[in-house]
There are 2 protein chains.
Amino acid sequence: MSLPHALLTSLLEQPCSGMDLARRFERSIGFFWPATHQQIYKELGKLEAAGWVRSSAEEGARGRKRCYEVLPAGEQELKRWVAEADDPPPLRDAMMVRLRAEAALGTGAGVENDLLHRLARHRTQLALYEDIEQRDFTGRELSAAEQLQYLILQSGLATEREQIRFCEKALALLETLANAGG
Amino acid sequence: MSLPHALLTSLLEQPCSGMDLARRFERSIGFFWPATHQQIYKELGKLEAAGWVRSSAEEGARGRKRCYEVLPAGEQELKRWVAEADDPPPLRDAMMVRLRAEAALGTGAGVENDLLHRLARHRTQLALYEDIEQRDFTGRELSAAEQLQYLILQSGLATEREQIRFCEKALALLETLANAGG
DNA sequence: TCTTTAATTGCAACTTGTTGCATAAAGGCA
DNA sequence: TGCCTTTATGCAACAAGTTGCAATTAAAGA
């Protein structure tokens, strides 16, 4: 479970409120560690109880807005965790199950729906990543931290492109099989 | 949640017991939809209650072994589900969080451990997939069902190769940064 | 001023998956 | 026969994530 460390990382980059964190997650760390605001609030409570962050009320804001910042103990914990090693996350993909089911059913069962839907989603996501690449990482010298962030983005770019290739290949094969079999 | 449909698919390919299913999952469907035997037993109970499979006691076997097979209603349900469309699974990868944390901490915090560990795992997995490719899909004509199964395997091959490329690239960048910064 | 709207924080129930352990039945062997 | 091992099935507690909604506070508008 990496949520606490994802939060520490994000707060280290920029102290802010729970709601701000949730918004930032949607367009940066959330690409590879999604989290809802409910998860984030609960976890911020634990981080504060553990003495890794502290919060202060913010005056003149709507609601009971509080600003969180990382304490030295939190930075220490983050360093400790970064040096650990995980197993790669097991992949779990319903579309592959569908393809296999289509093979077992032995007929035009309709996986194409899912393939086309995925294709559209991956193209959208790729376009988003390419925008970020253009805007943030192109045409200038990058600091060490920025080079690492760019590396992460490149992983996203490569993954989306691979997914697109796969969907196209699968659709082509299904068409070939349909023509041959019907 | 695709576990019920993954089980229906596997049972359609070959009726068998819960334990056999668990073993087969480990080296086929489980590559893209992992499941433990506890999950499988619980789900088989639900499938039987829904009238999608039926089971019969197997005589002369250890334990209370039962053989499960798909009923017509189950096959119908599988067909219905295959034609549905999902969103792609959100990826959630602690190593990316670590890379970003390393960037935020701004020092040699030690992500290399995780990168090297991943690299080894992905190489092992790739070798396994390549073995399966050699053994099951090379040097002969493939049926339509086999062509689809091969397609799925190729997705695994491409994913592992992409992961390996990424780890190597990340390690190279970290070394460059260390030399430049130190 | 009073009501409405928006922003922020938070609770609670539900689903899914994991982990560790328990039970049942058969085979092997002293 | 009695005990240990193996195979098969299953329960229970826990961990993590999702969904829907509630409560609090301030800004904006009538």
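Computed from a predicted model, the values in this text were never measured in an experiment. Lettering follows sequence order; numbering is per chain, from 1.
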Give the rounded distance in Å between these two atoms: [atom1] of [X] and [atom2] of [N].
| X | N | atom1 | atom2 | result |
| --- | --- | --- | --- | --- |
| Asp86(A) | dA16(D) | CG | P | 13 Å |
| Glu58(B) | dG27(C) | CD | P | 13 Å |
| Gln38(B) | dG20(C) | CD | C1' | 9 Å |
| Glu43(B) | dT18(C) | CD | C1' | 16 Å |
| Lys42(B) | dT16(C) | NZ | P | 10 Å |
| Asp87(A) | dG17(C) | CG | P | 19 Å |
| Ile40(B) | dG17(C) | CD1 | C1' | 13 Å |
| Arg92(A) | dT16(C) | CZ | C1' | 9 Å |

Please confirm whether Phe31(B) and Tyr129(B) have ring centers closer than 6.0 angstrom.
yes
Given axes from five pairs at either end, by how many degrees does the helix from dT1(C)-dA30(D) to dA30(C)-dT1(D) bend, rounded to 10°?
20°
Within the side chain of [X], is there an N or O that forms a donor-acceptor pair under 3.5 Å with the backbone of [Y]?
| X | Y | result |
| --- | --- | --- |
| Ser10(A) | Ala6(A) | no |
| Gln134(A) | Asp131(A) | no |
| Ser55(A) | Cys67(A) | no |
| Arg54(A) | Val70(A) | no |

Would you compute the distance between atom CD of Gln147(B) and atom CD1 of Ile152(B) and round it to the nearest 0.5 angstrom?
12.5 Å
Are there any protein N/O atoms within less than 3.5 Å of an N/O atom in nucleotides 7-9 of chain D, and if so, which ones and at what distance?
from	atom 1	to	atom 2	distance (Å)
dA8(D)	OP1	Lys65(B)	NZ	3.1
dA8(D)	OP2	Arg23(B)	NH1	3.1
dA8(D)	OP2	Arg23(B)	NH2	2.7
dT9(D)	OP1	Arg66(B)	N	3.1
dT9(D)	OP2	Gly18(B)	N	3.4
dT9(D)	OP2	Met19(B)	N	2.8
dT9(D)	OP2	Tyr41(B)	OH	2.6
dT9(D)	O5'	Tyr41(B)	OH	3.3

State which residue, out of Glu168(B), Glu130(B), Glu160(B), fulfils the salt bridge (charged side-chain N to carboxylate O under 4.0 Å, His left out) condition with Arg123(B).
Glu168(B)
Would you call Arg140(A) and Glu146(A) a salt bridge, using N to O less than 4.0 angstrom?
yes
Enumerate, atom names and distances included, each donor-acceptor pair closer than 3.5 Å involving a side-chain atom of residues 109-116 of chain B, sequence neighbours excluded.
from	atom 1	to	atom 2	distance (Å)
Asn113(B)	ND2	Ala83(A)	O	2.7
Asp114(B)	OD1	Asp86(A)	N	2.9
Asp114(B)	OD2	Arg98(B)	NH1	2.8

Quick one: is dG17(D) close enough that its OP1 or OP2 comes under 4.0 Å of any side-chain N or O from Gln39(A)?
yes
